[in-house]
Each structure stands twice: as structure tokens, then as C-alpha cells.
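One structure is given below, encoded as C-alpha cells.
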Amino acid sequence: MPFSFSLRRRTSPRSLLRDDWTVRDFASVGVPLVLVLLILFAIWQRFDAEKASVRHNATVQQENIAAVISENLTQTLDRGRRLTLASEIAADGGRQAATNQLAALIASDATYVRVALYRNAPPCTFLALPSANGHDSTAVTHAVHGHPPCRTAKDVLLTRLLPGGEKLSRLPVVISTAYNDDALLAVLDLGHLLQPYPNLDLGRSAVIQILDDDGRALAEQHADGAFVIPDDRRYAQFANNTATKGSLAGNLFEGRSYLSSFQRLKRFPFTVVVSSELDEIMTPAQSGTRLRFLTTMTALTTMIGLAVFAFVWGISRQKRIIAALEAANHENRALIAGLEDEKRHAFVMAAHDHLTGLTNRRMFGELVGTHLSRAKRSREHYALLYLDLDRFKAINDTLGHHVGDLLLQTVADRLRSTLRESDIVARIGGDEFAVLLTGLASTDDVEVVAAKIVEQISAPILDLAGHDVHVTPSIGIAIFPRDGHDVGSLCRHADAAMYESKRTGHGKYTYYEPGFSGDRERLFALEQRLPRAIAENELMLHFQPKVRISDYRIIGFEALVRWQHPDFGLLYPGDFIPLAERTGLIVDLGNWVTESCCRQLATWMMEGLDTVPIAFNVSVQQLQDAELPQRIETLLGRYKVPAERLEVEITETTLVESIEIARQVLDGLEKLGIGIALDDFGSGFSNLSYIRTFPVHRIKIDREFINDIRNSPYDGAIVASIISLAHNLNMQVIAEGVETLDQLIHLKTAGCDEVQGYFFSRPVPASEATDLIVRSILVPAVMVPESSAPPPKPFPQEHGRKHDGETPAKHDECIVTEAQTQPLG
Ligand code: C2E
Ligand code: MG
Ligand code: MG
């Protein structure tokens, strides 16, 4: 079944949306998220730092203001002390001098609202400016007596204004000096002192306080300008603090959280505190931070969202692409697998013979090559056998290709069953097979296998599409490494040996011998040229006379075909008739021979010669042509030759195989009046009683029997019985291959009618045959009386022919004569 595939997508969209997130995917999303959180944390930290910075800046500002106020207050009090001292000293000089001093103090410093100098301990007021009153002395008394004056660094006593007295912003202080026990009561206008500070941009909630050492507020200046003398509240967090200055956060007023910076005066019992509500301090930072944070958060969230979306989209797109790629991959794999299958199938097809299933020629070559490369490293023997079916073409042509195919399949089966699994069997051509026998322990085994193959294949094949067929193989054997080291040379040599098998007989095997190859190549060249040779008259006929023993008269000729090859010279039938039979060209060749015989007879007749019949050889395939009688009749008509001037020579095998058509053809020929001779009789297995059923007029005894007729009683007996039986069946008997007088005498004694052989004449060209016709009688020299005998003419030789190993000296000589003959004794 041919392989087919589809390029249609097999992945469904659903499969692409599959949520098969992996740890890697989660990690891919998680890592950017963690990064974003870290960035957020960093931003948050940055915001915290900003808040700390805002608070720090506020603290610094508060501390600076506290320091300035402290310094201001210190300078004011120092100035008071200096003036006190100056006025005390001045007081020694008189009241007026002291008054002047103090007046200058009040005039130069608006903080000092009133001053009163008390000499030698209160309450004796020495002087007061602008004017003394009871409050003052009471205050001093209260201060001095409540708190005995001390000479410590903090030698300023604070006192309270008595109710109903001074303005709220005024603070009476008692400044004592070391000069006398004098004391200066000064009423300070803290409101004046603190007046400039609300103008500083400390915020809406800012409060500046001046506390005494107990933490009690003496004055309180608010940002809106309100100056407050607070209640008796104590701000213990500052009083208890041992530090000179610092900063605190905590509840200051009404439970609200304030940031306060304080500065304690070194030499005076005051602490300046500057406070602002924390919320107010932090608000700009917080609101800005929050806004920026929210903006950043929004931007980041959006970005993260977009990033995650893009990432997820990217992943799912990637997954879709991967899924699509996998699907494409899958299809590719399927495609590749399909192609592999196709390739494998094509390889099997390319490597095997479709009819028999055997390995084909190409594959056989490859396998043999592989085995031989292994064989070179082993001690085992390998044999390559070439096998050709004898007369396969005839079977194919006569019984049809279907039977031919079945026959080839049967032969393939038989070969397979005869050989081992390890052996390689191949069909390498039409009816040619090749076998590699592998791993043989000895070359002797080859012979056993070859004989077995011959036996198996030669066994009759019954009922092959209704026909019983008998076929024999011709086998050529080349042994590795003796006959070749590579595939090419082994195949060539096995092939040459096979042709040798064919040439020397059928149903046999032949081992390669050096010298076969040349024949093989020559055969190939001949095969190529034979059609042209037939068409272009490279063929010619030689004629061998047939002599009647009783009077040595030439009673006929046998036409024997020759081929005048431009390269190889004159070729004899053994060189090309098997080739013509194998290739089917024998039919054309036979037609050429028949027509040439007719033409030669016509020529002789035209020359006015007393013509004798010409016998020509007809092969098995020609006898399978039902049209043959018709064709010959046409030729006879065309050349105006009487039918009895022709004779066909058939072989025994013609009468054994494919009998029906052969019988029909022979009957047709007989009806025309053409003689029929059975050639090479005795070489087959047919008997005369069987042959009797065919229209055979003449028996030609095979020359194998004649060859040794004198020495072999067996052959002599056979020849004698053949002659006798044939005569009984009313047939003429002719012996072929008569070469000696002895043979001639023996045959004459046995009652043989005619002879043909070198003893009388070799086959000769038409011109010489014409001479023989003219002379008409061939008398053996031994029979011509010496006195009357003309000088002997040379023995008729066939031009250019080898002597088949026999020398003319071996033959008895024959004299061609027109003189009277003498009967043999
Ligand atoms: P064949 O028909 O038996 O022809 C006789 C063969 O014996 C011829 O060989 C002939 O030269 C040879 N011969 C004759 N007398 C002697 C002899 O005294 N001693 C020896 N040793 N040989 C002798 P050739 O011409 O080589 O032909 C061989 C065979 O080729 C023929 O045997 C015949 O079967 C076949 N053949 C020849 N011409 C044709 C043809 O035109 N058509 C066909 N189909 N076959 C032919
Ligand atoms: Mg013959
Ligand atoms: Mg013969």
C-alpha cells in the first residue's frame, strides 16, 4: 500500500490552552514579583528616611530657636546682673547715681519693665523704677524669704507675681549680687522677649515655652501670637532631663503628640522649650510621601500587572508555539517514519526480484561483496554458482509467459529449499539465477550442492498451469579465492563456466577454468551482432554431401550454417546456434537458412545441374511455429523449387517436448512432400517405436556411435540394431561422422544406406558443392584400380575450419571421381 500522509494540523486549540504550568513557569512569574516587592520595600524605606529627615530638620530648627531664645534670655539676665552691680556700686555714691544706672537699664532694654533695688536685705527698698510699690517688696520678700538668696551660679530667684498685679506676660525675678546683700527685683516682660518668634515659620501648632527648673511653665508663646502664662502645670519630661539640651516627642497638650526641643540655660533657672505638633511636622512629608507612594504603587502595580500579563501571554504564546512545534515535529516524525517505510519498501523492491522474491542482481552483488570481505579473514570457502535454465525460452514462447513465470517461481522455491539459510540465492536475469554458497569447510562440498541443485531442478514439474514441464539447469561454478578475489571476477568466471556447461551439454555443472572468460566475452559480442549478421548476410551455408553406400553417389547435401564474422573470422554453429536458441534469434536464423537453401537449389536448377535434396537443420523452437510449413511452401513457390528437394533434420528432443505443435508442423511438412530426417539418433532416449508415430523418413545415427564402431562391440551392436529396426519401419538410415574406411566398411556390412562424413567430404562452400554435384560420385581411393586411377584430388576441406582435434592424416582419403565404381568387397 502506498504511503500517504497529511499535512493537516492535528493539534486542537483546546490543547493549546491547556494549563500545564511547570515549576519553571511559576519561577518565571515569581522572580519578577519578588523583585517588584523588593523595589517596593526599598521605596518604602526611602519614604521612611524622608520622614526621618523631615523630623530631623524640624528638630534642628526647634533646637536652633531654643538656643537663640536661651542666648537672648541669658544675655538679658546678664545685662540685668551687670546693671544691678553697677547700681549697687552707684548706690554707695548716692541714690541718684543708682537711679541713673537703673534708668539706663530700663531705657536700653524693653524686657526690663520695672526694677527695684533693695539694700541690706528686703524689704527696705532702696529705689524702684519707674516707681516702687508694695508688690515689689512683697515679691522680693516672698522671693528672698521663701528662697534664701544663694551665691551659686544660678543666683536669680524667680518669684510669682502676686494676684492683681502685673500683666500676665511679666515675670518678676530677683537678681542677687555678691556685693552686699542687695537684691534687684526686676520684672521681665517675657512677652517682649518672645514676641519676635511667632514670626518664624514654625508651623501653626508651634509653642515656645520658658520653664523654670521644676518644669513649670513661666511663659508660653503660641504661633498665633497668643502669650499665655499657663497654669501651674509641670512639664516633668524637661525638668527630669539631665541633659542641657535635647529633643523629645510626647504628649504635651491635650493628649496630642508634640515634638519638642529644649535648651537649659547654664547659669539661670530657665529652660526654653520649642514644640510643634508632630502631625503638622510630618504632614507635608507624609502627604507627599503617601502621594508619591500611591503614585509609585499604582505605576508599579500597573507595570507589574502589565508585565505579568505580558509574561503570561508570552508564556501561553510560547506554549502555543511549542505545542504547534511539537505537533509539527510529530507530523515531521510521522512523515519521516513514512518516508523511511517508503524507503525501506523501495529498498526491498530495489533489492529483490518481484517475481520470485529472491535477491536481485544488484543486491546479490552487494551481499557477495560483504561476504567476500569477511571471507578474506576466514578460512572458509565460498563458491559462486551461475545457473541458467536450458530451453527456458522455448517453454516461455510455446507455453506462454504465465507458465514461464510459474516455472521461474518453482525453480526459485526449489533452489531455496535445496540451499541453506546462510546461502544467498538471487535471480539475476530472465532465466538466470546465482547462488553464493557460504562458509564451506571444503571445496568438495560444492560438487555435492551443485549435483543436488541439478537433481532438484531437473525433477519433472507436474501440472504447471496444466502442463508437465521438464527443465534442466546449466551451472557454472567459480570458487573463492581460487577463481577470483572479488565479486566481479567471480561472477564473470561463474558465468563463463555456465556457458561452458551449456555449450557442452545440458543439465550439468562446470567448474571454471582459465580460458572460459574469453569465450564469454566473445559470446556477448556475438549476441550483440547476431541480428545484424542475419539481416546483412554475414551468414553463409556450407554443404556436406551425403553418399549412398551402394554406389557412392551423392544423394543429397546437408546445409550447415557458418558465420563470416568481421572480427572473429569464420564461425561454426557450435559458436552461435546455442546463443541463437537462447535469444530466440534461431527462428530468424532458421528462416534465413531455409530461404538460402531454396535459393541455392534454384541457382543449381538454373545452372541446369542435376540437383540433389538439401537437408537443413530445424531447431525445437522453429518446430513450435505452426506457420512453418506455410512459410516454407511460400519459399518453394517463390524459388520454384520442388518440395522433395528439401529435407528437414530434427532432433529427438523435438519429439519429446511440446509434441502437439511439433507433430502438426511435421505433418504439414510431410504433406508438402518435404523429407524428414531424425538427426543425432541415439543421443536421446526415444525409441524407434515411438518415433514411428511421427512422419520420419530417415534416421541419422549419431556420430558418437560411429566414432568407435570398430572397437566397441557395444556401439557396433547398437548401430546394427538401429539399422535393422529402421529398415523394418521403412526408414532410410544414414550414418554421420564417418571418417575412416573401416567405419565405412563396418556400416556397409551392417546394411547402412548412406553415409556422411569427412571420409567423403567436409562441408564445403556452395561453389565446391556445385563441383561435387557435377561429379556426382565420390569413390574411396582404396577402391579405384591403380592403373585407371587418375591422380588423386585433394581431400575436400572446409575452408578455415579447425580439425576438431583430428588431423587429416587420421582420415582415410577419398578420391572424387566420375569413373565407374566398384562394389566394396
Ligand atoms: P549436425 O546436424 O549433426 O551436423 C553435423 C555436424 O557434424 C556438422 O558440424 C558437421 O561439420 C559435423 N561433421 C560432419 N562429418 C563429420 C565427421 O566426419 N567428423 C566430425 N567430427 N564431424 C563431422 P557443424 O557444421 O559444426 O554443425 C554442428 C551442428 O550445428 C549440427 O549438427 C546442427 O545440429 C547444428 N546446425 C548446423 N547448421 C545449422 C542450422 O542451419 N540450423 C540449425 N538449427 N542447426 C544447425
Ligand atoms: Mg544435421
Ligand atoms: Mg547430426
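Whatever order the structure lists them in is the order used to number ligands and atoms, beginning at 1. By convention here, the first residue in the shown sequence is residue 1. Quick caveat: nothing in here was measured; it's all calculated off a predicted structure.
- For ligand 1, the polar-atom distance check against N617 finds a nitrogen or oxygen pair separated by under 3.5 Å.
- In this structure, CH2 on W592 lies 14.5 Å from CG on L585, to the nearest 0.5 angstrom.
- Atom 13 (N) of ligand 1 has its nearest heavy-atom neighbour, among F616, Y758, F576, in Y758.
- Below 4.0 Å from some heavy atom of V593 lie the following atoms of ligand 1, by number and element: 41 (O).
- With values rounded to the nearest 0.5 angstrom, L389 atom CG is found 6.5 Å from L408 atom CG.
- Close contacts between ligand 1 and D679 involve ligand atoms 1 (P), 2 (O), 3 (O) [criterion: under 4.0 Å to a heavy atom].
- Heavy atoms of G737 approach ligand 1 to within less than 4.0 angstrom.
- When E581, Q743, E558, E739 are checked for heavy-atom proximity to atom 17 (C) of ligand 1, E739 turns out nearest.
- Put simply, the side chain of F557 reaches to within 4.5 Å of the side chain of L772, judged on heavy atoms.
- Counting heavy atoms under 4.0 Å from ligand 1, residue D680 touches it through the side chain alone.
- If you check each of R703, R762, E736 against atom 12 (C) of ligand 1, the one with the closest non-hydrogen atom is R703.
- The structure places CG of N617 at 8.0 Å from CD1 of I577, a figure rounded to the nearest 0.5 Å.
- A side chain to side chain donor-acceptor pair (under 3.5 Å) with K546 is found for exactly one of E647, E736, Q756, namely E647.
- In R562, the part holding a heavy atom less than 4.0 Å from any atom of ligand 1 is the side chain.
- Of the residues listed (K508, K502, R582), the one engaging D390 in a side chain to side chain donor-acceptor pair (under 3.5 Å) is K502, and it is the only one.
- R663 places no side-chain N or O within donor-acceptor distance of the main-chain N or O of V665, the cut-off being under 3.5 Å.
- Distances between N or O atoms of V561 and those of ligand 1 include at least one value under 3.5 Å.
- Atom numbering of ligand 1 starts at 1 in the shown order; those under 4.0 Å from a heavy atom of Q544 are 14 (C), 15 (N).
- A donor-acceptor contact under 3.5 angstrom links the side chains of Y509 and E447, judged on distance only.
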- request: Apply side-chain contact (heavy atoms from CB on, under 4.5 Å) to H746 and V719, showing your working.
  value: CA-CA 10 Å; H746 204 103; V719 169; 6.0 Å; no

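- The shortest separation from a heavy atom of P763 to ligand 1 is under 4.0 Å, placing the residue in contact.
- Once rounded to the nearest 0.5 Å, the distance linking CG of D679 with NZ of K700 reads 5.0 Å.
- Taking 2.8 Å as the limit, the number of protein N, O or S atoms around the Mg ion (ligand 2) is 4.
- Atom CZ of F705 sits about 10.0 Å away from atom CG of D680, to the nearest 0.5 Å.
- Atom CD in E627 sits 12.0 Å away from atom CD1 in I632 (nearest 0.5 Å).
- Remark: ligand 1 atoms within the under-4.0 Å shell around heavy atoms of E649 are 2 (O).
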